[in-house]
Amino acid sequence: MLTALSIRDVVLIETLDLEFGPGLGVLTGETGAGKSILLDALGLGLGARADSGLVRDGQPQAVVTVSFELPSAHPARAMLAENGLQGEPGEPLVIRRIVKADGGSRALVNDQSASVALLRDLGAMLVEIHGQHDDRGLLNPRGHRALLDSYGGLDTAAVSSAYRAVQEAKAALASARAEQDAAERDREWLEHAVVELQALAPEPGEEESLATLRATMQTGERLSSELATIAEQLEGSDGALSLLRQAARRLDRIAPEHETLADALAAIDRAVIEASEAEDKLARAVDELAFEPRRLEEAETRLFEIRAAARKHRAAPDDLPALLEELSARLDALQSGGGRLASLQAELASTQAQYDAAADALGAARAKAAERLDEAVAAELRPLKLDAARFRTALTRLTEGGESGCDRVEFEISTNPGAPFAPLVRIASGGELSRFILALKVALAQSGGATTMIFDEIDRGVGGAVASAIGERLHRLAETAQLLVVTHSPQVAARGKSHLLIEKSHQGLVTRTSVQALDEIRRREEIARMLSGAQVTDEARAQASRLLEPA
């Protein structure tokens with residue numbers, strides 16, 4: 001609900017602070033008093049295009065501040081949260097628009113900078129302005145389908161769920177086809193690569209093992225002659241170990257029981273033992289480094305084949321077994337791809353059939369709801385002096401459905417007998433358009449839209465019983481929404497819960513527009529003025545009192 005409007009230096013308005021309550025509020029004043037300025041200022045706060053011409057002469061900028069109280073479930077709250085503009089819990093939504101005389105402008109939401117596009121989207125959720133130049137709200141066909149669904153109490157969840165299933169099935173089929181096409185292009189290469197890798201039969205860790213074996217045998221080749229010489233020096237008849245053993249035997253025979261010679265014999269024995277161990281380890285090393293030219297050649301050939309395959313496939317040698325498994329799986333998938341595609345096509349056909357059935361059922365329900373809405377609107381047209389007009393909810397079947405079904409919904413009218421139907425905005429104008437909007441609003445009642453509505457001169461060109469009918473319907477509509485009505489009709493003004501008077505005053509060369517909230521006495525006087533003109537008569541006051549009596 002709109003709760004406050006603050007205006008600074010907008011055209012003829014120097015300073016203005018207004019508060020608004022629920023129900024029907026009326027704004028009256030003589031022609032040229034500045035009612036359009038008030039609506040222009042409010043429009044600025046709701047995202048309308050900034051015009052430096054709105055800045056009061058001699059002032060650097062104009063400022064408009066608009067405040068709203070929003071229920072927790074209001075869709076504008078979600079938009080604010082998405083953009084990090086939600087403000088403090090329990091605080092009102094405050095929108096401020098600053099327009100500079102040099103043409104620049106700024107928008108703030110809850111004291112944080114915001115884009116004008118976001119402001120416009122917020123404004124569409126918060127307020128509907130219905131007048132001669134309005135192209136939003138009920139005149140925008142993009143919202144007609146949602147309004148009809150709300151009016152008919154229709155649930156689109158089944159259609160939405162079926163639509164998502166169709167999109168997922170389409171995506172899966174498209175992905176499978178792309179994979180199949182790519183695999184078909186690579187079939188010859190895949191077959192060759194799999195055969196080649198299968199023949200190679202690489203094993204994890206094989207490259208490292210072969211490299212180690214090759215290095216060991218190459219080392220053995222270089223050391224073989226040296227090892228043979230060392231073995232001869234240790235093991236030969238004149239080798240070191242043989243000489244040590246001979247020395248130990250002689251010393252053991254000739255040595256008397258002498259402590260120093262006994263120590264010498266023990267030392268020689270230890271040397272024999274150490275030399276024997278060296279002899280054993282040398283023998284094992286010779287075996288380990290045994291050089292076999294054929295075996296070295298086989299190891300090198302295998303190693304080079306594995307490394308060549310790794311370079312060819314741009315993979316690490318140890319990854320070749322996994323690569324063989326992957327390429328084999330791709331080849332198998334290619335060979336069985338036809339069956340998978342057929343399965344996915346069948347799944348898509350099934351989900352499409354479910355969607356079509358759900359969309360058809362929703363379309364049929366919409367057609368019935370459209371008939372009821374057409375009857376409800378028709379019942380409102382005659383009292384509003386639109387008895388020659390006809391209204392219809394046009395449903396068009398779309399070739400491509402969506403989450404909301406396959407129906408395009410648009411509200412259309414025919415203003416004269418025999419005239420073709422066309423969109424509201426094309427063939428209705430002025431107060432006639434506003435009356436059509438009012439008839440629709442009354443018929444739709446609780447079917448959504450902004451909870452604050454502004455009707456600009458909805459009673460233009462009518463009076464008497466028609467004006468009374470307009471006032472009665474506005475009063476009824478205000479039971480569930482906040483309405484502000486700019487009116488020249490005393491019958492409409494009398495139905496308001498609150499009344500604002502817009503006046504223009506002159507002081508020398510300075511002209512100002514002011515707005516005052518009227519009490520009961522001044523309200524009766526204003527309605528009497530509307531009835532009689534410049535000269536307010538007692539008869540006009542009596543008639544105003546009768547209009548103000550509770551219905």
Side-chain angles (χ1 to χ4, degrees), residues 1-10 13 15-25 27 37-50 54 61-100 105-131 134 136-138 140 143 146 150 441 446-456 477-486 497-498 500 515 517:
M1 181 181 74
L2 172 66
T3 57
L5 173 64
S6 175
I7 302 173
R8 298 291 183 272
D9 297 318
V10 174
I13 300 176
T15 300
L16 180 62
D17 294 293
L18 298 175
E19 293 184 354
F20 302 94
L24 176 60
L27 293 85
I37 298 174
L38 195 66
L39 294 183
D40 287 343
L42 179 59
L44 269 181
L46 300 175
R49 188 177 71 86
L54 291 172
Q61 64 183 25
V63 182
V64 175
T65 305
V66 192
S67 299
F68 293 89
E69 292 288 350
L70 301 179
S72 58
H74 197 286
R77 287 197 177 276
M79 180 179 289
L80 291 170
E82 288 174 5
N83 290 275
L85 302 171
Q86 57 267 48
E88 295 297 325
E91 292 294 317
L93 165 62
V94 179
I95 298 173
R96 183 171 291 109
R97 189 79 181 277
I98 303 170
V99 180
K100 296 183 178 180
S105 73
R106 289 182 61 203
L108 297 100
V109 177
N110 290 329
D111 290 328
Q112 300 178 73
S113 294
S115 68
V116 176
L118 175 63
L119 208 62
R120 192 177 299 116
D121 291 340
L122 270 176
M125 290 183 174
L126 298 169
V127 178
E128 291 180 14
I129 301 179
H130 301 297
D134 179 41
R136 299 189 297 179
L138 291 177
N140 189 343
S150 179
K441 272 295 182 184
Q446 304 288 341
S447 298
T451 53
T452 296
M453 288 173 277
I454 297 175
F455 288 89
D456 184 11
L477 191 57
E479 293 176 356
T480 56
Q482 180 189 43
L483 267 67
L484 297 177
V485 180
V486 176
K497 185 176 180 180
S498 61
L500 297 176
V515 181

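Side-chain contact check for Val66 versus Leu126: every heavy-atom pair is 4.5 Å or farther apart. Using a 4.5 Å cut-off on side-chain heavy atoms (C-beta onward), Leu39 and Ile129 make no contact.
Partners of Asp40 according to the side chain to side chain contact (heavy atoms under 4.5 Å, CB included) rule, which considers only residues two or more places apart in sequence or in another chain, are Leu54. Judged as a side chain to side chain contact (heavy atoms under 4.5 Å, CB included), and not counting sequence neighbours, the contacts of Ala117 are Ser115, Arg120. Gln482 meets the side chain to side chain contact (heavy atoms under 4.5 Å, CB included) test with Met1, Leu2, Phe20, Thr452; sequence neighbours excluded. Residues satisfying the side chain to side chain contact (heavy atoms under 4.5 Å, CB included) test with Leu16, not counting sequence neighbours, are Ile7, Ile13, Leu18, Leu38, Val515. When the side chain to side chain donor-acceptor pair (under 3.5 Å) test is applied to Asp17, the partners found at least two apart in sequence or on another chain are Ser6, Arg8.
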Can you give the donor-acceptor pairs under 3.5 Å from side chains of residues 89-100 to other protein atoms, not counting sequence neighbours?
| unit_1 | atom_1 | unit_2 | atom_2 | d |
| --- | --- | --- | --- | --- |
| Arg96 | NE | Thr65 | OG1 | 3.2 |
| Arg96 | NH1 | Asp111 | OD1 | 3.1 |
| Arg97 | NH1 | Leu44 | O | 2.8 |
| Arg97 | NH1 | Ala48 | O | 2.9 |
| Arg97 | NH2 | Ala48 | O | 3.2 |

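Distance check, rounded to the nearest 0.5 Å: NE2 of His74 to CD of Glu69 gives 12.0 Å. Atom-to-atom distance recorded for Leu46:CG and Met125:CE is 13.5 Å, nearest 0.5 angstrom. Residue Leu122 holds its CG atom at 9.0 Å from CZ of Phe68, rounded to the nearest 0.5 Å. Atom CG of Leu24 and atom CG of Leu483 lie 6.0 Å apart (nearest 0.5 Å).
The neighbour count for Arg106 CZ, taken as heavy atoms of other residues, nucleotides or ligands under 6.0 Å away, does not exceed 12. Within a 6.0 Å sphere centred on CD of Gln112, heavy atoms belonging to other residues, nucleotides or ligands number more than 12.
Between Gly47 and Val116, the shortest heavy-atom contact is O-CG1, 3.7 Å. Summarising the geometry of Leu70 relative to Ala76, their closest heavy-atom pair is CD1-CB, 4.1 Å, with the distance given to 0.1 Å. Between Ala114 and Val109, the shortest heavy-atom contact is CB-CG2, 3.7 Å.
Put simply, the side chain of Thr3 gets close to the backbone of Ser67: a donor and an acceptor are under 3.5 Å apart. Side-chain atoms of Asp456 do not come within 3.5 Å of backbone N or O of Val486 as any donor-acceptor pair.
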